[in-house]
There are 2 protein chains.
Amino acid sequence: MAHTSTEHEVLAVVFQVRQVQQAANKRKASLHVLLWQRALEPEKEKWSLPGGRLESDEDLTSSVRRQLAEKVDLRELAHLEQLAVFSEPARVPGPRTIASTFLGLVPSPATPELPPDTRWHPVSTLPPMAFDHAPMVEHARTRLVAKLSYTNIGFALAPSEFALSTLRDIYSSALGHPVDATNLQRVLERRHVITRTGTTARSGRSGGRPAALYRFTDSRYRVTDEFAALRPPG
Amino acid sequence: MAHTSTEHEVLAVVFQVRQVQQAANKRKASLHVLLWQRALEPEKEKWSLPGGRLESDEDLTSSVRRQLAEKVDLRELAHLEQLAVFSEPARVPGPRTIASTFLGLVPSPATPELPPDTRWHPVSTLPPMAFDHAPMVEHARTRLVAKLSYTNIGFALAPSEFALSTLRDIYSSALGHPVDATNLQRVLERRHVITRTGTTARSGRSGGRPAALYRFTDSRYRVTDEFAALRPPG
DNA sequence: GCAAAAGTGTTATGATTACACCCATGA
DNA sequence: TCATGGGTGTAATCATAACACTTTTGC
């Protein structure tokens, strides 16, 4: 029987909604993924998901946490969840390696320090990706979009306190379509996903009514409404 | 570094909706899962999911198919899909073993021949289960329920042609709550998930209008409505 | 006062559940 | 003709999207 060694690796798709300088004084939020650029063959110069080999005394989740902590400062990781397994025998050169992918989320204002080979990339314009890492990002994004509808997973992308317009930008970037702040508020309040703090933000340089601040009621992953759906407009 | 060998196994949660003799002449459909009883330690006498060790030249899906074919005659498997990975280091005794679980579905009328140690069990009353196999069944059931709402996955549980009342029984058993045949028809027809064959069944011994026959439009897994939901009554 | 941003109220839409009523068949 | 199961039509419910309008601030 052909039972030679099989390696097992974990790979994390870590997302964050980040502000991007558009024009002179226009900033726009968009969903980014954390990638590092390979310095060596194989797939030199291409971009990879963070992760690495699973050790024998750790489960998958511990392994991802360890590897993310090694490569990047990701103590700010607010959510980590197992996704699919990629098991095609020839998916990477060398010994046969099975990959378990994870979805990781970093809250919006956090700016963890990154090693020089590591960078945030907008998911809408991915650089050349190593191996089968591109479909992994795609898959993770699909799961994130689905879960934003029926869970409180937004807590892991948002600041601890936020105005509704901020939350709208986060949801809209992650979902990939415009979101109405008004309706978002009512949907999330009805489900007790967000709560008013009672305080308000100060209004910006150009005036405007000060925004009420909210926080997520739970900062632990929870299914809030099994059948909910945030639909795109139109 | 503690990189001793790590085994990898695949385990399949195979479901089928089966008729069960209730009272004298009452039959009731309910969701069953395929299990085999362990003859040896560890966990002797307890019931296990079918599966086994992953070989180095196969991907996970091929491995499940092979192992199911070895243990039980499951050429009738209409759907097979990867679920979660269970990776706790001590989840089974002996060498560290990671388990990838699969969801398998067998259409309703099929009655594949089973080895003597293997049997269908109602998911509502599981026997004593080996290792961590009970939560695996639970997880698979949750996924099945979710997917019945927004995909055409019912095709893998239903006969090739069926009356709507039959389909209602299948959905209702799998979902775990009553389903209205009338509404099921309209929901699935609107999405073009099922199609009328044009033929009708003969009415039963106690009369009744002959039922129109339907079939699933596609017999390949497909997401039919991203945002759909079959809700329980009440 | 005016522009800008936030928040409220209300309506429209669409999918799904609920249910009363009509239809076709066998004994 | 009656019981039995099948099918149609229609109303009720509910969640969400859409949008006009009011409120509060800075300049």
Side-chain angles (χ1 to χ4, degrees), chain A residues 25-27 29 145-146 148-150 161-169 171-172 175 177-214 224-234, chain B residues 25-27 29 145-146 148-150 161-169 171-172 175 177-214 224-234:
Chain A
N25 45 5
K26 277 196 55 153
R27 305 182 130 270
V145 167
L148 279 171
S149 274
Y150 64 89
E161 295 200 354
F162 47 85
L164 257 150
S165 53
T166 306
L167 193 64
R168 163 174 41 79
D169 290 343
Y171 269 72
S172 149
L175 290 170
H177 63 75
V179 172
D180 181 315
T182 294
N183 295 331
L184 187 64
Q185 174 201 14
R186 276 186 287 228
V187 166
L188 296 184
E189 269 193 326
R190 175 159 36 79
R191 295 184 205 152
H192 306 290
V193 171
I194 60 176
T195 314
R196 305 182 86 115
T197 62
T199 56
T200 55
R202 265 209 304 283
S203 42
R205 65 263 167 275
S206 54
R209 177 171 171 174
L213 291 179
Y214 288 79
T224 53
D225 182 347
E226 206 180 341
F227 300 117
L230 298 171
R231 298 197 193 79
Chain B
N25 46 6
K26 278 196 54 152
R27 303 182 132 268
V145 167
L148 279 171
S149 273
Y150 64 88
E161 295 200 350
F162 48 84
L164 257 151
S165 53
T166 306
L167 193 64
R168 163 174 42 77
D169 290 343
Y171 269 71
S172 149
L175 290 170
H177 63 75
V179 172
D180 180 315
T182 294
N183 295 331
L184 186 64
Q185 174 201 13
R186 277 187 285 230
V187 166
L188 296 184
E189 270 193 324
R190 173 159 36 81
R191 296 186 206 151
H192 306 290
V193 171
I194 60 175
T195 315
R196 306 183 86 115
T197 63
T199 57
T200 55
R202 265 209 303 285
S203 41
R205 65 261 167 279
S206 54
R209 177 172 169 173
L213 291 179
Y214 288 78
T224 55
D225 182 347
E226 207 180 339
F227 301 117
L230 298 171
R231 297 199 192 78

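Lettering of chains follows the sequences in order, A, B, ..., and the numbering in each one begins at 1. Atoms considered below: every heavy atom in the structure, side chains included; atoms not considered: hydrogens, waters and symmetry mates.
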>> Run the salt bridge (Lys or Arg N to Asp or Glu O under 4.0 Å) test against B:Arg191 and tell me which residues pass, sequence neighbours left out.
In response: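 Listed in chain order: B:Asp225.
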
> Can B:Leu175 and B:Leu230 be said to form a side chain to side chain contact (heavy atoms under 4.5 Å, CB included), step by step?
Replying inline: CA-CA 9 Å; B:Leu175 290 170; B:Leu230 298 171; 4.1 Å; yes

Can you list everything that forms a side-chain hydrogen bond (donor to acceptor under 3.5 Å, both in side chains) with [X]? Sequence neighbours excluded, please.
X: A:Thr197; result: A:Thr199
X: B:Ser165; result: none
X: B:Thr195; result: B:Thr217

>> Among residues 225-234 of chain B, which ones have heavy-atom contacts with DNA chain C below 4.0 Å?
In response: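 Close to the strand are B:Ala228, B:Ala229, B:Leu230, B:Arg231, B:Pro233, B:Gly234.
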
Would you please name every residue forming a side-chain contact (heavy atoms from CB on, under 4.5 Å) with [X], sequence neighbours left out?
X: A:Pro232; value: A:His177, B:Phe227
X: B:Arg186; value: B:Thr182, B:Asn183
X: A:Glu226; value: none
X: A:Ala146; value: A:Arg143, A:Tyr150

>> Need two values: the first and the last nucleotide of DNA chain D, 5' to 3', having an atom under 4.0 Å from any heavy-atom of chain B.
In response: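 Listed 5' to 3', the contact boundaries are D:dT4 to D:dT10.
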
>> Suppose we screen for ring-ring contact (aromatic ring centres under 6.0 Å, His included). Which residues come up paired with A:Tyr171, at least two apart in sequence or across chains?
In response: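 By the ring-ring contact (aromatic ring centres under 6.0 Å, His included) rule, A:Tyr171 matches no residue at all.
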
>> Rounded to whole Å, how long is the line connecting atom CD of B:Glu189 with atom P of C:dA15?
In response: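 Atom CD in B:Glu189 sits about 15 Å away from atom P in C:dA15.
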
> In whole angstroms, how far is the P atom of C:dT16 from the CG atom of B:Asp180?
Replying inline: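 Spelled out: CG on B:Asp180 to P on C:dT16 is 13 Å.
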
> Reading nucleotides 6-14 of chain C from the 5' end, what letters show protein touch, with B for base, S for backbone sugar-phosphate only, - for no heavy atom under 4.0 Å?
Replying inline: BSBBB----

